[in-house]
Amino acid sequence: MENAAAPGPGFHFIQMNQYEQQTGRLRSEFQTLYGGEPRLFRAPGRVNLIGEHTDYNEGFVLPMAIDRSTFVAAGVRGDRLVRVRSLNFSEQFEFDLDLPPMPRRGIWPDYVEGIARVLEATGTRLRGADLLIDSDVPVGAGLSSSAALEVSVGFALLALAGAEIDCTALALAGQQAEHEYVGAKVGIMDQMAAVHSRAGSAILLDCRTLALTYLPLSNPEVAIVVCDSRVRHKLASSEYNTRRAECEQGVELLRPFLPGIQALRDVSVEEFQRYENHLPEIIRRRCRHVVTENSRTLAAANALWSERTDEFGRLMIESHRSLRDDYAVSCAELNLLVETALEVEGVYGARMTGGGFGGCTVSLMRTDAVADFSATISARYQRGTGFVPGVYLVRAGGGAEELT
């Protein structure tokens, strides 16, 4: 496997015509709203192929950027006011960088102001800006719309300030913004995928060291399809923080037997099996998922590298069962999507992806099975739930960039 250091700081340029449809309206609306010619930026959503709820346990994840993005049109101002409007929500708000932060509102502007405040706190003096945002990353679907928003806005603000852009530092700032200004104790996976992804590759990310290994996803005979359940359960945010606390409790209870551990990432499957009976049932189940999921993710990376697609699919199925039974973050709708997917000829594996309690599944299949898969899963899911699922054939895209 190619063990790659993080790409160096700086811009990633692509040709404007690749995103002409998405950015044409954005550019025009910016000129109408603010006047002047904007600079354009984007950051992608992502799908996690395997390695769920391991990132905040300092473990391993295997995401890829998808070909859906959050776009920002940005123009510099002469003062320190930041004005923001979203085409998705038809809302506008503003904040002054020279005044104290606004109280947490529990809505999308928290992400925008949060990343700006963190970048300032870490030593970059930003300039005022007019920002117009548009996104085709589904919100709440587990495809990292929040990180795409944080990273695209952060990238734009740094560029307008003439600051050097360190991609890993930007990812860490996005994570800190969610912790401090949104109240979600997220891991680092989403932001790192948003800045460091490469077209045609997945990333094996070590969430402790932030080491990246790029794995090829270029076999034309294999397809990755995301299915959006259209379900957004309100449990997701509170239960996410609960799962994190349960994992931390598990580390404390295991430490007398394994004195060197700092996180569940440090516990092998064999060590866990030796000491799991010392844990309360709920904590044992939560920890078992994380420990075995880390093992599955490393095995999946090796399977992907050696093009053992059947093995990768088997590990995806095991991952879903663990998330459903031990980590208890799946739901009836996600289970139906996975069960239906696995009945389709040519599907290697399927699992829920993202935080859970709704959102999306990801399936790995032969390319010639995509049409049958889409028809089957759409009909059966609608019959079982009354919802029409979103079915997206996704390709591995690149990370955050300025469009020129």
Side-chain angles (χ1 to χ4, degrees), residues 1-4 44-52 54 59-68 142-143 189 193 197-206 212-228 269 289 292-324 330 334-335 337-354 360-378 380 389 391-398:
M1 291 186 289
E2 177 193 1
N3 195 349
R46 65 96 190 95
V47 62
N48 192 26
L49 300 176
I50 195 168
E52 215 66 74
T54 51
F60 300 91
V61 293
L62 191 57
M64 70 175 215
I66 60 174
D67 42 1
R68 286 173 171 259
L143 299 178
M189 170 180 62
S197 288
R198 293 179 182 173
S201 297
I203 298 173
L204 176 65
L205 171 65
D206 182 333
L212 305 165
T213 302
Y214 291 93
L215 302 165
L217 283 173
S218 54
N219 187 342
E221 296 180 359
V222 178
I224 297 169
V225 179
V226 170
C227 294
D228 186 350
V269 173
H289 165 71
T292 58
E293 185 79 347
N294 274 319
S295 177
R296 279 188 291 271
T297 303
L298 293 174
N302 285 325
L304 186 59
W305 181 258
S306 56
E307 298 187 342
R308 288 179 286 119
T309 309
D310 286 335
E311 175 68 4
F312 195 99
R314 182 187 67 79
L315 292 163
M316 292 175 72
I317 296 168
E318 287 185 6
S319 173
H320 182 77
R321 291 171 179 162
S322 181
L323 288 158
R324 180 193 65 196
S330 190
L334 293 174
N335 294 338
L337 286 171
V338 169
E339 291 160 7
T340 303
L342 296 178
E343 293 173 5
V344 177
E345 177 70 24
V347 172
Y348 298 107
R351 59 183 290 275
M352 60 154 281
T353 185
C360 290
T361 63
V362 58
S363 300
L364 188 73
M365 66 193 70
R366 295 196 317 260
T367 301
D368 62 11
V370 170
D372 184 37
F373 173 89
S374 179
T376 300
I377 211 158
S378 295
R380 194 169 302 177
V391 181
Y392 314 123
L393 175 65
V394 296
R395 295 175 176 82

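Position 1 is the first residue of the sequence; numbering continues from there. Every heavy atom of this structure was used, including side-chain atoms; hydrogens, water molecules and symmetry mates were not.
For the side chain to side chain contact (heavy atoms under 4.5 Å, CB included) criterion with Val47, the lone passing option out of Val226, Thr361, Val225 is Val226.
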Next on the checklist: Test side chain to side chain contact (heavy atoms under 4.5 Å, CB included) on Val344 and Ile377; report intermediate values, then the result.
Outcome noted: CA-CA 9 Å; Val344 177; Ile377 211 158; 6.0 Å; no
Next on the checklist: As a quick check of understanding, evaluate side chain to side chain contact (heavy atoms under 4.5 Å, CB included) for Val362 and Ile224, giving each step before the final call.
Outcome noted: CA-CA 7 Å; Val362 58; Ile224 297 169; 3.6 Å; yes
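With values rounded to the nearest 0.5 angstrom, Leu49 atom CG is found 12.0 Å from Leu315 atom CG. Note that CG of Asn335 is 11.5 Å distant from CZ of Arg321, once rounded to the nearest 0.5 Å. From Ile203, atom CD1 reaches atom CE of Met64 across 11.0 Å, with rounding to the nearest 0.5 Å. To the nearest 0.5 angstrom, Arg395 atom CZ is 13.0 Å from Ser218 atom OG. Here the straight-line distance linking atom CD1 of Ile66 with atom CG of Leu393 works out to 11.5 Å at 0.5 Å rounding.
Judged by distance alone, the side chain of Thr353 and the main-chain N or O of Asn48 form a donor-acceptor pair under 3.5 Å. Side chain of Thr292 to backbone of His289: a donor-acceptor contact under 3.5 angstrom is found. Proximity of a side-chain donor or acceptor of Ser374 to a complementary backbone N or O of Val370 within less than 3.5 Å is not detected. At least one donor-acceptor pair closer than 3.5 Å links the side chain of Thr367 to the backbone N or O of Pro220. Within the 3.5 Å criterion, the main-chain N or O of Arg366 finds no donor-acceptor partner in the side chain of Glu221.
Two residues are said to be in side-chain contact when any heavy atoms from C-beta on lie closer than 4.5 Å; Val394 and Arg68 fail this criterion. Within the 4.5 Å cutoff, the side chain of Leu304 has heavy atoms near those of the Leu217 side chain. The closest side-chain heavy-atom distance from Cys227 to Tyr392 is not below 4.5 Å. Residues Thr297 and Leu204 form a side-chain contact, since some pair of their non-hydrogen atoms from C-beta on lies under 4.5 Å apart.
Glu293 meets the salt bridge (Lys or Arg N to Asp or Glu O under 4.0 Å) test with Arg296, Arg351; sequence neighbours excluded. Here Asp372 pairs with nothing under the salt bridge (Lys or Arg N to Asp or Glu O under 4.0 Å) rule; sequence neighbours left out. When the side-chain hydrogen bond (donor to acceptor under 3.5 Å, both in side chains) test is applied to Asp228, the partners found at least two apart in sequence or on another chain are Arg232. Taking the ring-ring contact (aromatic ring centres under 6.0 Å, His included) definition, one finds that His320 meets it with nothing, sequence neighbours left out. Applying the side-chain hydrogen bond (donor to acceptor under 3.5 Å, both in side chains) criterion to Glu339, with sequence neighbours excluded, gives no partner residue.
Shown here for Ser378 and Val391, the closest heavy-atom pair between the two residues is OG-CG2, 3.8 Å. In terms of heavy-atom proximity, Ala369 sits nearest to Glu345 at CB-O, 3.4 Å. In terms of heavy atoms, Ile50 sits closest to Phe312 at CG2-CZ, 4.4 Å. In terms of heavy-atom proximity, Phe60 sits nearest to Asn294 at N-OD1, 2.9 Å. Among all heavy-atom pairs drawn from Val269 and Ser295, the shortest one is CG2-CB, 3.9 Å. Contact record, Ala350 with Leu342: N-CD2, 3.8 Å, taken as the closest heavy-atom pair.
Listed by first then second residue, pairs satisfying salt bridge (Lys or Arg N to Asp or Glu O under 4.0 Å) with a partner in residues 300-314 read Glu311-Arg314, Arg314-Glu318, not counting sequence neighbours.
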